[in-house]
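Input: a single structure, listed below in structure tokens.
Given the structure is predicted, the values throughout are model-derived calculations rather than measurements. Both backbone and side-chain heavy atoms feed into the values below; hydrogens, waters and symmetry mates do not. Every chain is numbered from 1 and lettered A, B, ... according to where its sequence line falls, protein lines coming before strand lines.
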Amino acid sequence: MADKIMINSLVPPTWNRLKVNETYVELPASVSSGKTDGAVPVADASEWKIETGCGEELAGYLENNGIGPVKVTADPGELTVIKKDYTADTADVLCFEAGAGETVNILIDITSDEKIKASAILKVLIKAAKDSVVNLTQVIRPGRGLELINDIGTDISDKAQVNLVQIFTGGSIINAGYRSGLSGEDSFAGCRIGFIRTDGEKLDMNYVMKHLAPRSKSEINVSGALSKSAVKIFRGTIDFVKGCAGADGAENERVLILDDTVINKTVPLILCTEENVAGSHGASIGKPAEDMLFYMMSRGIDREKALKILERASLEAAVSHIADPAAYEYVMNIIDENREDD
Amino acid sequence: MSEEKTIVEDINRSVYDVIDKENNATRLEEGLNEDIIRKISEEKDDPDWMREFRLSCLKIYNELKVPQWGPGIDGLDMERISTYVRPNTKMQNSWDEVPEDIKNTFERLGIPQAERASLAGVGAQYDSELVYHNVMKEVEEQGVVYTDFESALKGEYSDMVREHFMKLLVPTDHKFNALHGAVWSGGSFVYVPKGVKVSIPLQSYFRLNAKGAGQFEHTLIIVDEGADLHFIEGCSAPKYNVANLHSGCVELFVSKNARLRYSTIENWSKNMYNLNSKRAIVEENARMEWVSGSFGSHTSYLYPSTILKGDNSTMEYTGITFAGEGQNLDTGMKVMHVGKNTSSVVNTKSIAKSGGVSTTRTSVQVMPGAKGAKSVVSCESLMVDSISRSDTIPVMDIRTDDADIGHEASIGSIPDDAVFYLMSRGMTEEDARALIVSGFADNVSRELPMEYAAEMNNLIRLEMKGSIG
């Protein structure tokens, strides 16, 4: 029997009629633990109790199914590539740690065969020690039969950084959570997200930047395109907690809406209990600029092709922020392959 | 810094906190039940349909839950609220005939002076009933109807009232709409005929004097084709150590090519639960303008909403909220784009100080088929200290490709360098900070008639007193 749990809760909530306060998902009664090369169970799971964007009910579900955290050692200065090709109901909790002063580059590529019907949960937990940098890139491009929950939690120490780049294409329903605990002074969390949703695909996001320490900084930048009955909900929260004086948080979203059948919901919260902070949000939602399309068409590109180029540009806006050259090349190759398919 | 003279002369908090001795003709027992609803209906000599409507609303009220998404309202116990208090006077058309104590209160608030200086008509409600209503002869001769709600309900415009009453704010929307439908009393009815442009504003002022009471006035405004009106609403109450409740409803119908501006300066006392609902429906080529200043009340839920139904209809909302000690003010706006080529421009400012909680909650919905919709929303928040709270909760729900939606929000503190600059020019720190906050609120005060802008600036100065340290 399937379990129904609540994820991606908006805190604080708003009007119920808008249907953005939370999302309910049905999960299989049992899931098996995924396998990741080089991963070893963590010695003390309580050391990896890090809050995530999807929330506590998902954590409870994983615990009830015996899915414990496993640690993947990422060698500093090298790109650690993890490929997840899902074939059945599977769940993983992957833990990464960057020691003081280290730079760690991780790339997670999520795929599944078009014929596979399954649910998958991938939870990623990151600890970034003082002065460290974690660059995490995720390419999320499963087949249409996969329903995916991709959930991330981070704990960022003094002067440490976590830079996340995510690309979402494919998959029927993708629920994405992210929560950064900016617990260190002068810490930084950045999210660059690109998505293309079409043919009834759904993307449900909840991204939270929790500013706990002085002068912590955060950025969320989302760009994407919607068409053919696609649905997207983006919840972005910048939470300035008392004591985070000098903190700075910014979130921006650009969404191209390509036809009248889509639903685009944007919920950018700024919560504040500290006086000396700067928080901002900007959103631009609508159809592609006609003058831009006209320019492209005047250069011999037909309208349909021009729209495809603009869709891709939404992804590339995020990809251009991948810090590691090898990871950048990996992702661009995937985008280029898809371009050739068109 | 010298105090400005305003229409409410040398404004200070004591003006609002004067308590008149209660001299009621009727005060119904506290609580809410069918017997009380029947008594209200009897007191007001309701037509049958209205009595039945009230009873059906009570049923809905009992079925609906208290909203769980906003500020807590645990301190509001309907079993301790009297929903109907009739002052010991009938409605008058001359201030001379209003009982001395009530007249003195309105004099202190500057209402008769404002009427003489700058208004085309005034309605003054005291507790549950209007005590004064008057409209300029010239305006009346234009065919403008501005009357108390009860007269409209039974008189020449009864069919029009019945056709529109609680059709925009339906009782099933939320618990407090249902409450309003059950116990409403007082308020105003305005009808501006086709093509008539009322060049100076009408005003309604609501004063709640009775301790532990509720005020539930209903305002219904119909601006017919090509007409133009500015309506101003003001409200205040003395402070008690028990909860008072305000749950008014404002329904605005803006016809083709018409324009309506609805301005509010809300300064309820800080024991007041202000659970108010306002909604406008705007037809083809028509325009709705909201100007809103929220300064008072213990807890507020206030989100004027606009349905841009007609093609080329437009809406502009300009609002400021100032939450001080002990206040939790949840304010904002909602707009729904339905017609083609509609546009909305929203500019909100909020200030939190001395432990106050300010939440700006907005929603922009663009429906499928609302081609050419444009919306620009700007929310700015100012944190004056680190013991307050300021949240911004916007939602955009866009369902058409042909839309241009922009949203900006920011939060910040009073810049030290600006305070330093003003102090170097001889200002005290308190005055410097008050001046910066007044400047922050400038976009709202510019939208108000001068007298009301001055009152708002004085309210800000009052609120900023003792803001240092």
Q. Pick from B:P394, B:A352, B:P368: which one has the most heavy-atom pairs with chain A under 4.5 Å?
A. B:P394
Q: Using a strict cut-off of less than 4.0 Å between a Lys/Arg side-chain nitrogen and an Asp/Glu carboxylate oxygen, indicate whether B:K371 and B:D401 qualify as a salt bridge.
A: yes
Q. Which residue, B:M336, B:H337, B:M333, forms the side chain to side chain contact (heavy atoms under 4.5 Å, CB included) with B:S344?
A. B:H337
(Q) Under a 3.5 Å threshold, yes or no: a donor from one side chain and an acceptor from the other, between B:N347 and B:T318? (A) no
Q | Heavy-atom pair count under 4.5 Å with chain B, highest-scoring of A:L226, A:V255, A:I270 | A | A:I270
Q) Looking only at side chains, do A:T23 and A:R235 share a donor and an acceptor under 3.5 Å apart? A) yes
Q) Do you know which of A:L269, A:I285, A:V267 has the most heavy-atom pairs with chain B at a distance under 4.5 angstrom? A) A:I285
Q: Give the member of B:S413, B:G412, B:S386, B:A403 that has the highest number of heavy-atom pairs under 4.5 Å with chain A.
A: B:S386
Q: Determine, for B:F440 and B:K349, whether the Lys NZ or Arg CZ falls below 6.0 Å from the six-membered ring centre while staying within 45 degrees of the axis.
A: yes
Q) Using non-hydrogen atoms only, which part of B:S358 is less than 4.5 Å away from chain A: side chain, backbone, both, or neither? A) neither
(Q) Less than 4.5 Å to any heavy atom of chain A: does that hold for the side chain of B:S388, its backbone, both, or neither? (A) backbone
Q: Measure distances from A:L271 to the heavy atoms of chain B and classify the residue's part below 4.5 Å as side chain, backbone, both or neither.
A: both
Q | Donor on one side chain, acceptor on other, A:D239 and A:T237, under 3.5 Å | A | no
Q | Segment of A:F234 engaging chain B (4.5 angstrom heavy-atom cut-off) | A | neither
Q.
Given heavy-atom pairs under 4.5 angstrom as the criterion, report whether the side chain, backbone, both or neither of A:R17 touches chain B.
A. side chain
Q: Please look at B:Q365 and chain A and tell me whether the side chain, the backbone, both or neither of the residue comes under 4.5 angstrom of a heavy atom of that chain.
A: side chain
Q. Are A:K232 and A:E253 within salt-bridge range, i.e. N to O under 4.0 Å?
A. yes
Q) Of all of A:H281, A:K242, A:E251, A:K265, which one pairs up most often with chain B through heavy atoms under 4.5 Å apart? A) A:H281
